[in-house]
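Bear in mind that the values here come from a model prediction, so they are computed numbers and not experimental data. By convention in this document, chain letters (A, B, ...) are assigned in the order of the sequence lines, proteins followed by strands, and residues within each chain are numbered from 1.
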2 protein chains.
Amino acid sequence: MERGILLEFQPEGDNCIQNSKQNENFKVSSKRAIVRQSLPDAIASDIRERILNGELEEGLTIRQEALAEEYNVSRMPVREALKRLDAEGLVQLTNNLGATVTKHSLDEIGEIFDLRILIEVDLFRRAIPAMTPPHLQKCEEILEAMESSYDADDVGKWGALNYDYHSALYAAANRSLTNDVLHRINLQSDRYVRMHLSVMQQRDPAAKEHRELLEFARAGKADEACDVLTRHIAQTKKNLLRLMIDKRADEDS
Amino acid sequence: MERGILLEFQPEGDNCIQNSKQNENFKVSSKRAIVRQSLPDAIASDIRERILNGELEEGLTIRQEALAEEYNVSRMPVREALKRLDAEGLVQLTNNLGATVTKHSLDEIGEIFDLRILIEVDLFRRAIPAMTPPHLQKCEEILEAMESSYDADDVGKWGALNYDYHSALYAAANRSLTNDVLHRINLQSDRYVRMHLSVMQQRDPAAKEHRELLEFARAGKADEACDVLTRHIAQTKKNLLRLMIDKRADEDS
DNA sequence: TACGCGGATTTTGGATACAATATTTGTGCG
DNA sequence: CGCACAAATATTGTATCCAAAATCCGCGTA
C-alpha cells in the first residue's frame with residue numbers, strides 16, 4: 001500500500017507530506033512566513049500520528065524499507081524520522097535491530113501522568129499571576145471550540161484542541177523549555193488517552209473542570225486552580241489506568 | 001586536525017569512539033554485557049563532551065563535513081549524531097542550514113535550574129521512603145569518591161560523579177521516565193556549571209550539603225532533605241546566574 | 001526429539017554520488 | 001557609489017550501493 005505524498009501548504013499543520021520536487025509551480029503571494037518542513041519531519045509527523053491513533057501498535061517493530069516504500073522515498077529520510085521519534089520516546093531504536101513502537105509498563109503510564117501533574121501545576125501556578133486579558137481571551141476561544149467539538153467525535157482534533165487549551169493556560173508563564181518538556185510528555189499521554197477517549201469522554205466531568213480552570217485563573221485563585229488541575233489529571237490517570245489494566249489483561253489471554 | 005578513532009572497551013564509559021572494523025581480534029571472556037555503542041552514538045558522545053566542556057562554544061555553527069573529516073567517517077553518522085544532540089537540546093538543527101550549538105538566554109538558564117528543582121525534589125521525596133541499606137551504601141560510596149576528588153581538579157570527572165550521586169539518591173524512586181527527563185535537563189545544567197566550576201567550587205558549601213542530603217535521607221526526614229536539596233540547587237542557580245551575567249556582558253563588549 | 005552449528009536471507013549501518021538549497025561573490029545598471 | 005540580480009561556491013538533503021549485523025532455516029549429531 002502506498003501513502004501518497006501530498007503537496008499542500010501547511011504553515012502550521014503537521015499531517016501531510018510534501019514533495020519538494022513538485023514545488024516549482026508555486027508562486028507564493030501571501031506574506032505569511034511559510035516554513036517548509038523537511039521531508040524527515042513530514043514523515044515523522046505522519047508516523048507520529050499513526051502511533052498516536054493506534055494504527056501502529058505498541059511493540060510493533062518498524063521496518064525502514066516498508067515505510068520508505070509507503071512514502072515513496074529512500075530509507076534515509078525514514079531513518080531520520082525514526083531517530084526523531086526515538087528522541088520523542090514514541091519508538092525505541094536499538095543498535096542493529098531497528099525500531100519498535102514504545103510499549104510502556106503500567107507503572108510507566110502512571111509515571112507519565114505524575115509527570116504531567118508535576119509540570120503542569122508548576123506552569124499553571126507561574127502563569128496565573130501573569131495572565132493578561134489577551135491570554136484569558138485566547139483560552140476562552142479554545143475552550144469554546146472544545147466544548148462545541150465534544151460530540152464531533154473527531155478524536156485527533158479533540159486531542160489537539162485539548163493540548164492547545166492547556167498550552168494557552170500556561171502561555172503566560174513564558175517558560176519555553178518547560179513547555180518543550182511537557183510537550184514530549186504529552187505525546188505519550190495523548191497516546192494512551194486517545195485509546196480510550198470515547199469511553200472516557202462520557203464519564204468524565206472534564207468539560208466542567210476545563211471551565212473551572214479558566215475561571216479560577218481569571219479570578220487569580222492560584223491554589224484553587226492548581227487543585228482542580230491536579231485532580232483533573234489525577235482522575236484521568238486513574239480512569240485510564242483501570243482501562244489499561246483491562247486491556248493488557250485481555251492481550252495476555 | 002584529525003580525531004583518532006580509538007578502540008577500547010567501554011561498558012559504561014562514554015568518551016571514546018570505536019571502530020567496529022578492528023574489533024574481530026577481541027575475545028570477550030567476561031560475562032558482563034557489553035553493549036557496543038553505535039558509531040553515531042560514539043560521535044554524539046564526543047561532540048557532547050566537546051560542547052559541555054566549552055570547546056564548542058555557544059552559537060557556533062557546526063559543519064557536518066568538518067566533523068566527518070575529524071572523525072574519519074562520512075557525513076552520515078555525523079548527521080545522526082547531530083540529530084541526537086538536537087533532541088537533547090545541545091544543538092539546534094535548522095532546515096537546510098545545519099546545526100548550531102544551542103545558546104540559552106539568561107532566563108532560560110534560570111529555567112533549567114527551576115526544572116531541576118521541580119523534578120529532583122519530586123524524585124527525592126518519592127525515593128526517601130523507599131531507600132534501603134544497599135541504596136544508602138551506594139550513595140555513601142559515590143559521596144566519598146566525590147569528596148576525595150574535590151581537589152583533583154578533573155572537571156569532567158567531577159561533573160560525572162556529581163550526576164551519579166544525585167542519580168543514586170533518586171534511584172529508589174524507581175522512576176525511569178522521570179530520570180530520563182532529568183538527565184536531559186542536567187546535560188544543559190552541567191554545561192553552564194562546568195563553565196564556572198573552578199570558581200563555584202571554592203565558595204560553595206556544596207560538599208557539606210551533599211552530605212546533609214544523604215544524612216537526612218538516611219534518617220527518613222523527607223521534608224528537611226528536600227529543603228536542603230531545593231536550597232542547594234537554588235544557590236547554584238543564583239551563583240551561576242551572576243557569573244553568566246558577567247560573562248554575557250563581557251561578550252557584548 | 002532437542003540442541004547446536006553454519007550458511008542463506010533479511011535488515012540495518014555507512015560511504016559515495018548526486019540533487020536541492022543557501023550563501024557569497026561579482027558584475028552591471030541606475 | 002549603492003543596489004539588484006545572477007553566476008559561482010559551499011553546504012545540506014536524498015538516493016543508491018555495498019558492508020556488517022541479526023535473524024531464520026535446515027542439517028547433522030547426541
| said: Regarding C:dG14, can its base be found pairing with the side chain of B:R79 as donor and acceptor, where the two atoms are less than 3.5 Å apart? | reply: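 Answer is no: no donor-acceptor pair is held.
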| message | Determine whether a donor-acceptor pair (one donor, one acceptor, N or O, separation below 3.5 Å) exists between the side chain of B:R75 and the base of D:dG13. | response |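 Such a pair exists between side chain and base.
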Which nucleotide in the set [options] lies at the smallest distance from any side-chain heavy atom of [X]?
X: A:N96; options: D:dT23, C:dT12, C:dG14; result: C:dT12
X: B:R63; options: C:dT12, D:dT12, D:dA15; result: D:dT12
X: B:M76; options: D:dT12, C:dT16, C:dT23; result: C:dT16

Measure the distance from [atom1] on [X] to [atom2] on [N] and round it to the nearest whole Å.
X: A:N72; N: D:dT14; atom1: CG; atom2: P; value: 14 Å
X: A:E65; N: D:dT23; atom1: CD; atom2: P; value: 18 Å
X: B:I62; N: D:dT11; atom1: CD1; atom2: P; value: 14 Å
X: B:Q37; N: D:dA21; atom1: CD; atom2: P; value: 15 Å
X: A:L93; N: D:dA22; atom1: CG; atom2: C1'; value: 15 Å
X: B:D41; N: C:dT12; atom1: CG; atom2: P; value: 17 Å
X: A:L39; N: D:dT12; atom1: CG; atom2: P; value: 18 Å
X: B:D86; N: D:dT12; atom1: CG; atom2: C1'; value: 15 Å

| Closest-nucleotide 5' rank along DNA chain D - winner of A:L97 and A:E80 |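 Of the two residues, A:E80 wins.
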| Excluding sequence neighbours, so at least two apart, what forms salt bridge (Lys or Arg N to Asp or Glu O under 4.0 Å) with B:K138? |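 Listed in chain order: nothing, the list is empty.
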| task | Output yes when at least one side-chain N/O atom of B:Q64 is less than 4.0 Å from OP1 or OP2 of D:dA10, else no. | result |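 No.
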| query | So what does B:L82 hit on the nucleic acid, given a heavy-atom distance under 4.0 Å: a base, only sugar-phosphate, or nothing? | reply |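 Nothing: the residue B:L82, judged by heavy atoms under 4.0 Å, touches no strand.
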| Distance-minimising heavy-atom pair for A:L93 and A:D86 |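 Closest pair (atom of A:L93, atom of A:D86, distance): N-OD1, 3.2 Å.
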| Heavy-atom closest contact (A:H135 atom, A:A171 atom, distance) |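 That would be CD2-CB, 4.3 Å.
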| query | Looking at B:E69 and B:R63, does any basic side-chain N land under 4.0 Å from a carboxylate oxygen? | reply |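 Salt bridge flag = no for B:R63 with B:E69.
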| Under 6.0 Å from the CD atom of A:E57, do we count more than 12 heavy atoms belonging to anything else shown? |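 Counting other residues, nucleotides and ligands, CD of A:E57 stays at 12 neighbours or fewer.
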